[in-house]
Amino acid sequence: MKQIYLLFLGLALTASLSAQTGTKRISLADVVNGAFGQRGAGGEMRPLPDGEHYTAANRERTMIIEYAYSTGKAVDTLFDIRSARECTFDSFEGYEISSTGHHILLWREREQIYRHSYRALAYEYDTRRRMVKPLNSEGRKVMIPTFSPDGRMCAYVTDNNIWIKKFDYDTEVQVTLDGEKNRIINGATDWVYEEEFAVTNLMAWSPDSEYLAYVRSDESEVPEYVMAIYGKSYYPEDERFKYPKAGENNSVVTLHTYCIETKEINNLKTPVDATGYIPYIRFAAEPSQLAVMTLNRQQNIFNLYHANPKSGVFKLILKDENKAYIDSDWMKAIQFSKSGFLYVSERDGYAHIYQYSPTGALLKQVTSGNWDVTRLIGKDEATGTVYYESAEESPLRRATWSIDSKNKKTLLTPRKGSNGTSFSANYKYFVNSFTDANTPLQVALYETKTGKELRSLQDNAELRAKLAEYAVAKKEFTVITTATGEELNAWIVKPANFDSSKKYPVVMFQYSGPNSQSVQDRFGIDWEQYLAANGYVCVCVDGRGTGARGEAFRKCTYLRMGYYEARDQAAAAVALGKLPYIDGKRIAIWGWSFGGYNTLAAMTFGNGVFKAGIAVAPPVDWRYYDTVYTERFMRTPNENSKGYDETSPLKHASELQGKLLLVHGTADDNVHFKQSMDYAEALVQAGKQFEMQMYRDRNHGIGGGNTRMHLYTRMSEFLLREL
């Protein structure tokens, strides 16, 4: 379908949508405290192997119940604290069920480590004896507990060492002995692997449960970052962890297998450079096929090997090379089966699915067209049907499709907006979570073959009734055409009592990071609604480098990350300033993390179009950020010194224009507080006045207690004063 829009002074606008009929004004507390949060459903629905049933925990998290997809009725209680023998706790936080269903892992007292990783007290529940026991005899907190395929064992990590619990004998075996904080990690991952490859578990069981493969990370030569934790005492404490900044040493990773029968460890000599990565390991269909995925340090060559866990012989199955970089998310998404594997590549300029044989021979390109696959869901081996999510209709929207063995495509989610799906194990049923800009989350269960809705799981009726009482400004989607001819997707939120004869100040929201998207047709009530209720026009623009518009648009920022992104925000601001209801002299920009960086870059390289800006937790020079992320888009500082220099707000601090509020948490393990401190010093020496807000012992998310309310109050007052 073609998009119909009106051109006006370089801005393509859709027809304006009227506000909600209510009269209440949205307060800052409403936004910060989640008064308009959407309730979900389906996230707790865990598919069981038979394809006809799923499990879910009750709200109190004291029971695990089995339900039938077809009726939604409970058919069995798999765990109940009240009837479990020797159960010493009154609730659990998470659970995992073995393949046989004979053992259930339960965990509680979760202790967060970094973004994804955590340790927790873990318990084993024997469903046949109805007995609860600690997973390890010493009651230590564990990481990444992982069932063997036969359900008779569980591998886990504690104190950077791997252990295996054997349920049949109620024994524990320590696999590795050399684990040590900030030096050697076995099975788990270091900070940068976790953050940038989104992986915490580098252990894999062979399908016959005879071998456990794992990656060992040697952090010895990785530079250590020291972060002050101020606490409540008179003296701060230091938190030390290994953090490789661009161009510095990474962990040295090696691959090993442990034989359950002989208890021998075999070192597999992986064909990867000493500076390369092993982001993921996973067994394919056969016990002799350990799928080992490697990337070179520049991250533009991906190799998939099959390794024999016993002999250590490697066979190259797939090689994908890109002129810029390989998106590691597609490596993680590979689907293995007896018939081969599915892989998403950008080789034709868009992200599409390719089918390979078990030996790596390309069988066919499954999807094609000038649009991106955004998620590979899987393949029904019984029918050969592939399921995927794409931006086929529009980059702003998501839909789920199937394509059968004869290339017949079926749209499974016809509602226009943002659709997310999860399927039963046999693909007979799926749960669809739908939302658009005007519709809170709607969750329903469907029959895949007929498309019939079996029942609604969540309609957010209470939220919809509540919203009807408020004057909520509608989100208008638009295409901004810049002076250089770039067409950029955007949304605009106007004051609920908008008067086209008035001149309004503008606040531009953006994130702008590689392959991100802030402009999507989905529901959400956020800070823009509070600002709109107080007389601001709020705009969000996805500039070059953002996602779902093909590889050329996505990767044009390569080696100059931040160059086009900043200039696109400035060009969009210029176009907005020509509208009759916009005061072009009162435009502000703000963002968090990459959005904070781009705020600084736009205020530095944007020719003074921004009167003010707020940068929260911003990188200020890519040399300060981690190896995996930064080098993926910029290569190393030695290879690309010019690119680092020309995109660095720190090196161009004297060119900053406009009033700046700089915000950072002092315990940010991701974008270190030192970045803002060094940028502040550069501004001081350049004679640039600015405001700064620090949050003691807060991480990258800057939350906890009254912190968020304080932050958004501070930012709101800053904009009110400066605009």
Side-chain angles (χ1 to χ4, degrees), residues 57 61 64 87-98 103-125 132-148 153-167 172-205 212 214-219 222 224-225 227 229 231 237-243 251 253 258 280-281 667-670 697-701 703-704:
R61 306 196 76 79
I64 300 171
C87 185
T88 59
F89 49 86
D90 56 9
S91 67
F92 57 88
E93 295 172 23
Y95 71 94
E96 193 72 37
I97 303 175
S98 69
H103 298 276
I104 299 176
L105 284 179
L106 303 143
W107 56 86
R108 60 195 310 272
E109 296 185 34
R110 174 170 162 156
E111 176 188 341
Q112 202 69 29
I113 303 173
Y114 297 120
R115 187 189 298 266
H116 306 290
S117 60
Y118 63 91
R119 59 179 66 92
L121 291 178
Y123 299 84
E124 168 228 340
Y125 176 65
V132 175
K133 288 184 178 181
L135 184 61
N136 61 71
S137 58
E138 297 181 14
R140 296 162 298 177
K141 287 189 174 182
V142 307
M143 297 174 62
I144 56 173
T146 308
F147 276 119
S148 60
M153 295 173 286
C154 177
Y156 62 88
V157 170
T158 184
D159 298 327
N160 287 10
N161 279 315
I162 299 172
W163 292 69
I164 293 177
K165 176 68 174 285
K166 296 184 176 181
F167 300 125
E172 300 164 72
V173 177
Q174 185 169 357
V175 176
T176 65
L177 302 170
D178 59 349
E180 183 180 337
K181 183 178 180 181
N182 287 342
R183 197 175 76 82
I184 302 296
I185 305 171
N186 292 291
T189 57
D190 64 11
W191 187 95
V192 75
Y193 267 61
E194 174 178 339
E195 178 66 24
E196 306 305 353
F197 293 129
V199 58
T200 59
N201 189 342
L202 284 178
M203 300 189 299
W205 286 96
L212 177 70
Y214 67 92
V215 171
R216 175 183 185 270
S217 302
D218 185 342
E219 296 186 289
V222 178
E224 188 172 73
Y225 189 77
M227 188 165 63
I229 304 298
E237 296 181 357
D238 288 339
E239 182 173 329
R240 299 173 177 270
F241 60 100
K242 298 295 185 135
Y243 185 107
S251 293
V253 290
Y258 173 79
Y280 312 105
I281 60 171
D668 190 335
D669 63 283
N670 187 345
D697 296 343
R698 294 301 189 265
N699 63 16
H700 196 55

Response to the item:
Of all heavy-atom pairs linking Lys165 and Pro134, the shortest is NZ-O, 3.7 Å
Worksheet entry | Whether Glu237 side chain and Gly231 backbone form a donor-acceptor pair below 3.5 Å | no
Worksheet item: Can you name the nearest heavy-atom pair linking Ala188 to Ser217, along with the distance?
Response: O-OG, 4.5 Å
Worksheet item: What distance do Ile162 atom CD1 and Leu177 atom CG have between them, rounded to the nearest 0.5 Å?
Response: 11.0 Å
Discussion item. Side chains of Arg216 and Ile184, heavy atoms from C-beta outward: is any pair under 4.5 Å?
Written reply: yes
Item to complete: Apply the test side-chain contact (heavy atoms from CB on, under 4.5 Å) to residues Val215 and Tyr193: give CA-CA distance (whole Å), side-chain angles for both, the deciding distance (0.1 Å), then the verdict.
Response: CA-CA 12 Å; Val215 171; Tyr193 267 61; 5.9 Å; no
Practice prompt. Assess the pair Tyr125 and Tyr95: is the distance between their ring centroids shorter than 6.0 Å?
Written response: no
Item to complete: Mind listing the closest non-hydrogen atom pair of Ser251 and Val222 along with its distance?
Response: N-CG2, 3.4 Å
Response to the item:
Interatomic distance, CD@Glu180 vs CG@Asn161, rounded to 0.5 Å, equals 10.0 Å
Worksheet item: Between Pro145 and Tyr156, which heavy-atom pair has the shortest distance, and what is it?
Response: CA-CB, 4.0 Å
Worksheet item: Can you name the closest pair of heavy atoms from Gly187 and Ile144 and give their distance?
Response: O-CD1, 3.6 Å
Worksheet item: Below 4.5 Å, heavy atoms only, C-beta onward: do Glu93 and Leu121 meet side chain to side chain?
Response: no
Worksheet entry | Passing option when Asn186 is tested against Asp159, Asn160, Thr176 for side chain to side chain donor-acceptor pair (under 3.5 Å) | Thr176
Worksheet item: Hey, is the main chain of Phe147 close enough, under 3.5 Å, to the side chain of Glu96 for a donor-acceptor pair?
Response: no
Fill in: Approximate separation, where rounding is to 0.5 Å, of Asp669 CG and Asn699 CG
6.5 Å
Worksheet item: Can we say Lys242 and Asp218 salt-bridge, meaning some charged N sits less than 4.0 Å from an Asp/Glu carboxylate O?
Response: no
Discussion item. Between Arg698 and Gly703 (side chain of the first, backbone of the second, donor and acceptor by atom type, cut-off under 3.5 Å), is there such a pair?
Written reply: yes
Worksheet item: Going by atom types only, do Asn201 and Thr146 share a side-chain donor-acceptor pair under 3.5 Å?
Response: yes
Fill in: salt bridge (Lys or Arg N to Asp or Glu O under 4.0 Å) partners of Glu138, counting only residues at least two apart
Arg140
Item to complete: Before accepting this row, confirm whether a basic side-chain N of the pair Glu111/Arg119 lies closer than 4.0 Å to the acidic partner's carboxylate O.
Response: yes
Discussion item. Quick one: does any side-chain atom of Tyr123 pair with a main-chain N or O of Thr88 as donor and acceptor, under 3.5 Å?
Written reply: no
Worksheet entry | Worked check of side-chain contact (heavy atoms from CB on, under 4.5 Å) between Phe167 and Lys133 | CA-CA 10 Å; Phe167 300 125; Lys133 288 184 178 181; over 6 Å; no
Item to complete: Please assess Val142 against Trp163 for the test side-chain contact (heavy atoms from CB on, under 4.5 Å), listing each intermediate value before the final yes or no.
Response: CA-CA 10 Å; Val142 307; Trp163 292 69; over 6 Å; no
Worksheet entry | N/O donor-acceptor pair under 3.5 Å between Glu219 side chain and Asp190 backbone | no
Item to complete: May I ask you to decide if the ring planes of Tyr114 and Trp191 are parallel, tilted or perpendicular, using 30° and 60° as cut-offs?
Response: perpendicular
Practice prompt. Taking Thr200 for its side chain and Thr189 for its backbone only, find out whether a donor-acceptor pair lies under 3.5 Å.
Written response: no
Worksheet item: Taking atom types as modelled and ignoring hydrogens, do the side chains of His116 and Glu194 form a donor-acceptor contact shorter than 3.5 angstrom?
Response: no
Practice prompt. Please round to the nearest 0.5 Å and tell me the distance separating atom CG of Leu106 and atom CD1 of Ile97.
Written response: 9.0 Å
Practice prompt. Could you tell me which residues satisfy side chain to side chain contact (heavy atoms under 4.5 Å, CB included) with Ile164, sequence neighbours excluded, listed by chain and number?
Written response: Met153, Ala155, Lys166, Val175, Trp205, Leu212, Tyr258, Ile260
Practice prompt. Calculate, to the nearest 0.5 Å, the distance between atoms NZ and OH belonging to Lys141 and Tyr118 respectively.
Written response: 12.0 Å
Worksheet item: Near Arg115 CZ, under 6.0 Å, is it more than 12 heavy atoms from other residues, nucleotides or ligands?
Response: no
Practice prompt. Answer yes if the side chains of Glu195 and Tyr243 hold a donor-acceptor pair under 3.5 Å, and no otherwise.
Written response: no
Worksheet item: Is there a donor-acceptor pair under 3.5 Å between the side chain of Arg61 and the backbone N or O of Ser91?
Response: no
Fill in: Distance, nearest 0.5 Å, that separates CD1 of Ile229 from CE of Met227
4.5 Å
Worksheet entry | Under the salt bridge (Lys or Arg N to Asp or Glu O under 4.0 Å) test, residues paired with Arg240 that sit two or more places apart | Glu224, Asp238
Worksheet entry | Gln112 side chain vs Ser117 backbone, donor-acceptor pair below 3.5 Å | yes
